[in-house]
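Presented below is the structure to which this report refers.
Nothing here was measured: the structure is a model prediction, and the numbers come from that model. The chains referred to below are lettered A, B, ... by the order of the sequence lines, with proteins before strands, and numbering in each begins at 1.
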Amino acid sequence: MLTLAAIKENPEDIVRRLARKQFDGKEMIAKIIELDKTRRASQAELDSSLSQLKTLSSQIGILIRNGEKSKAEEAKSSVASLKEKCASLEESMKGAEKEITELLLNIPNTPCDLVPDGTSAADNLVVKEGGRIPDLCDDALPHWELARKYDLIDFELGVKITGAGFPVYKGKGARLQRALIDFFLDNAREAGYLEIQPPYVVNAASGYGTGQLPDKEGQMYHCNEDDFYLIPTAEVPVTNLYRDVILQESELPIKNTAYSACFRREAGSYGKDVRGLNRLHQFDKVEIVRIEKPENSYAALDEMIAYVQTLVDKLELPWHILRLCGGDMSFTSAITYDFEVFSAAQKRWLEVSSVSNFESYQANRLKCRYRGEDKKTRLVHTLNGSALALPRIVAALLENNQTPEGIRIPAALVPYTRFDIID
RNA sequence: GGAGAGAUGGCAGAGUGGUCGAUUGCGGCGGUCUUGAAAACCGUUGUACCGCAAGGUACCGGGGGUUCGAAUCCCUCUCUCUCCGCCA
């Protein structure tokens with residue numbers, strides 16, 4: 001969530017920035033500033049009343065010890081009204097505090113200056129592109145046909161044992177999955193990321209820490225019995241490793257990577273978007289997460305983008321990078337770059353990675369700080385990115401590399417698949 | 001699933017109603033000594049909020065209660081550990 005300090009420093013600027021994210025925060029910001037005044041006034045008075053109360057109480061203790069019973073009783077009665085006052089002041093303080101938090105939780109992050117204006121995906125900016133779009137013959141098959149033809153993925157079987165969006169991978173299809181995961185993790189390690197194996201199920205506190213809650217409550221699978229959530233991305237458990245942590249400056253930057261299965265309810269999706277591997281309820285992804293000093297976070301973001309680019313290049317896929325416009329960004333992000341690869345038979349771009357800087361927005365919820373040279377604690381900046389999500393990579397690999405002889409595997413991946421063609 | 005024990009500062013571990021935000025040890029930081037280091041010794045060392053400051057307040061797993069006063073007593077929830085059972 002946004003920091004109260006930032007809001008108080010320049011509320012007009014915050015409102016203006018939120019508007020770029022198609023969010024009207026005028027009233028909420030004004031309300032927060034008003035509540036903050038109430039809170040501070042209440043605390044000041046409460047603190048001094050509590051101080052009096054403490055003094056009186058210790059005096060009573062002394063009186064009782066000295067056997068001055070009547071004086072003690074007298075003092076006791078004078079405490080009563082003070083206590084009532086404290087109770088109401090505390091109520092006012094805590095009430096204001098709670099309301100402030102409630103409001104803050106429901107205000108998205110502000111976009112940074114680089115973010116282009118716009119209201120939808122159509123306004124996203126293509127900032128870079130690479131690779132070559134293959135010329136496929138007219139009878140080229142979409143990946144779901146190829147998956148059936150070579151018996152790589154069985155969507156119907158997934159429907160039988162679970163439901164739509166839970167495919168079953170078989171044979172070389174399954175081996176391709178495993179190879180890609182290994183390939184991505186190896187590359188991340190070589191780029192300096194520490195591999196983490198996190199739980200796939202988290203508690204509500206973790207959901208709030210990274211901002212899935214309360215914003216995306218309905219998008220996560222929930223285990224009622226234990227009040228756990230299935231992770232929609234490894235970002236959640238990995239970033240939450242640093243919840244309520246004060247890091248030493250020397251520990252930064254932190255670079256973590258994790259493979260996990262990801263679970264998303266994807267309520268409200270339909271049509272061609274969900275065909276084949278385009279959108280699943282369960283999918284595999286390797287994530288990279290960084291914890292940075294604020295002054296370094298944008299350099300780190302650039303480094304992450306450059307890193308993801310090496311992956312799509314090694315996989316010989318045609319790609320481009322979008323800088324998302326204000327209206328298309330996620331709730332918690334200050335800036336997001338999406339990588340899309342071209343799926344040549346479907347003739348459409350598919351998002352395979354999303355790299356974001358959250359600045360201090362997540363850190364503020366997580367209470368993840370670092371101690372600088374001056375011994376003061378400051379919020380860190382958090383960043384993460386997919387590196388990469390598997391299903392759409394597989395879709396593009398299958399479609400783009402189809403030949404009459406079979407599906408060719410890019411050279412960089414062959415050491416991992418240990419086969420160079422699917423036939 | 002059954003039975004029991006426990007949750008205190010970075011860690012270990014005291015504290016069972018009144019100067020306890022908390023003894024002590026380890027670790028960390030600063031210093032003395034030393035050519036340097038180690039050892040020894042001395043000092044220092046939680047977080048957040050309010051306040052221009054002086055200073056004040058809150059926090060001993062979470063929530064509630066008793067009391068003039070709670071880390072300490074009561075209730076409740078959560079979590080952890082041990083033993084038994086079951087089991088990849």
Quiz prompt | 5' precedence on RNA chain B between A/Leu4 and A/Asp226 (nearest-nucleotide basis) | solution = A/Leu4
Practice problem: Specify whether A/Tyr259 and A/Tyr200 have parallel, tilted or perpendicular ring planes, treating 30° as the upper limit for parallel and 60° as the lower limit for perpendicular. | Solution: perpendicular
Practice problem: Assign the ring pair A/His281 / A/Tyr221 to parallel, tilted or perpendicular, where the plane angle (0 to 90°) is split at 30° and 60°. | Solution: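 A/His281 vs A/Tyr221 ring planes: perpendicular.
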Which protein N or O atoms sit under 3.5 Å from an N or O of nucleotides 43-47 of chain B?
residue	atom	partner	partner atom	Å
B/U47	OP1	A/Arg371	NH1	2.7
B/U47	OP1	A/Arg371	NH2	2.9
B/U47	O3'	A/Arg369	NH1	3.2

What integer number of Å spans the [atom1] atoms of [N] and [M]?
N: B/C20; M: B/A71; atom1: C1'; value: 8 Å
N: B/C26; M: B/A40; atom1: P; value: 9 Å
N: B/G21; M: B/C59; atom1: C1'; value: 9 Å
N: B/G31; M: B/A37; atom1: P; value: 11 Å
N: B/U8; M: B/G2; atom1: P; value: 26 Å
N: B/C81; M: B/A22; atom1: P; value: 32 Å

Is it the case that [X] and [Y] place a side-chain donor and acceptor less than 3.5 Å from each other?
X: A/Glu217; Y: A/Tyr229; value: yes
X: A/Ser250; Y: A/Gln248; value: no
X: A/Asp313; Y: A/Thr310; value: no
X: A/Gln402; Y: A/Glu145; value: no
X: A/Arg275; Y: A/Asn278; value: no
X: A/Ser354; Y: A/Asp338; value: yes

Exercise. Ignoring backbone atoms, establish whether A/Arg40 has a side-chain N or O less than 4.0 Å from OP1 or OP2 of B/C49.
Key: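 For B/C49, OP1/OP2 do not have a side-chain N/O of A/Arg40 under 4.0 Å.
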Quiz item: Hey, does the side chain of A/Arg65 come within less than 4.0 Å of B/G18's phosphate (OP1/OP2), counting only N and O?
Solution: no
Practice problem: Return the residues of residues 236-244 of chain A meeting this criterion: a heavy atom under 4.0 Å from some atom of RNA chain B. Order them by number, or give none. | Solution: none
Quiz prompt | Qualifying side-chain hydrogen bond (donor to acceptor under 3.5 Å, both in side chains) pairs, either residue in residues 81-92 of chain A, two or more places apart | solution = A/Ser42-A/Ser92, A/Glu90-A/Lys94
Would you give me the side-chain donor-acceptor pairs under 3.5 Å for residues 171-188 of chain A, sequence neighbours excluded?
residue	atom	partner	partner atom	Å
A/Lys172	NZ	A/Ile421	O	3.1
A/Arg175	NH2	A/Thr417	O	3.4
A/Gln177	NE2	A/Asp284	OD2	3.0
A/Asp186	OD1	A/Arg189	NH2	2.9
A/Asp186	OD2	A/Tyr416	OH	2.8
A/Asn187	OD1	A/Lys314	NZ	2.5
A/Asn187	ND2	A/Phe183	O	2.8

Quiz item: A/Pro142 versus A/Glu399: any side-chain heavy-atom pair under 4.5 Å?
Solution: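 Contact flag for A/Pro142/A/Glu399 side chains = yes.
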Quiz item: Given A/Arg20 and A/Asp117, is the salt bridge (charged side-chain N to carboxylate O under 4.0 Å, His left out) satisfied, shown in steps?
Solution: CA-CA 6 Å; A/Arg20 301 188 57 220; A/Asp117 285 320; 3.0 Å; yes
Exercise. Classify every nucleotide of nucleotides 56-76 of chain B by which part a protein heavy atom approaches to under 4.0 Å, writing B for the base, S for the sugar-phosphate alone and - for neither, in 5'-to-3' order.
Key: BSS---------BS-------
Exercise. For RNA chain B, just give me the dot-bracket, please: Watson-Crick or G-U, both distances below 3.5 Å, ( ) intra-strand, [ ] crossing earlier pairs, | paired with another strand, . unpaired.
Key: ((((((((.[[[..)..(.....]]]((((((.......))))))(((((....))))).[[[[[..)....]]]]])))))))....
Quiz prompt | A/Arg408 with A/Glu316: basic N within carboxylate O range, under 4.0 Å | solution =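 Not counted as a salt bridge, because no side-chain N and carboxylate O are separated by less than 4.0 Å.
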Exercise. In sequence, state the C-alpha distance, the side-chain angles, and the governing distance for A/Lys76 and A/Glu73, and then conclude on salt bridge (charged side-chain N to carboxylate O under 4.0 Å, His left out).
Key: CA-CA 5 Å; A/Lys76 276 190 197 180; A/Glu73 288 306 317; 3.6 Å; yes
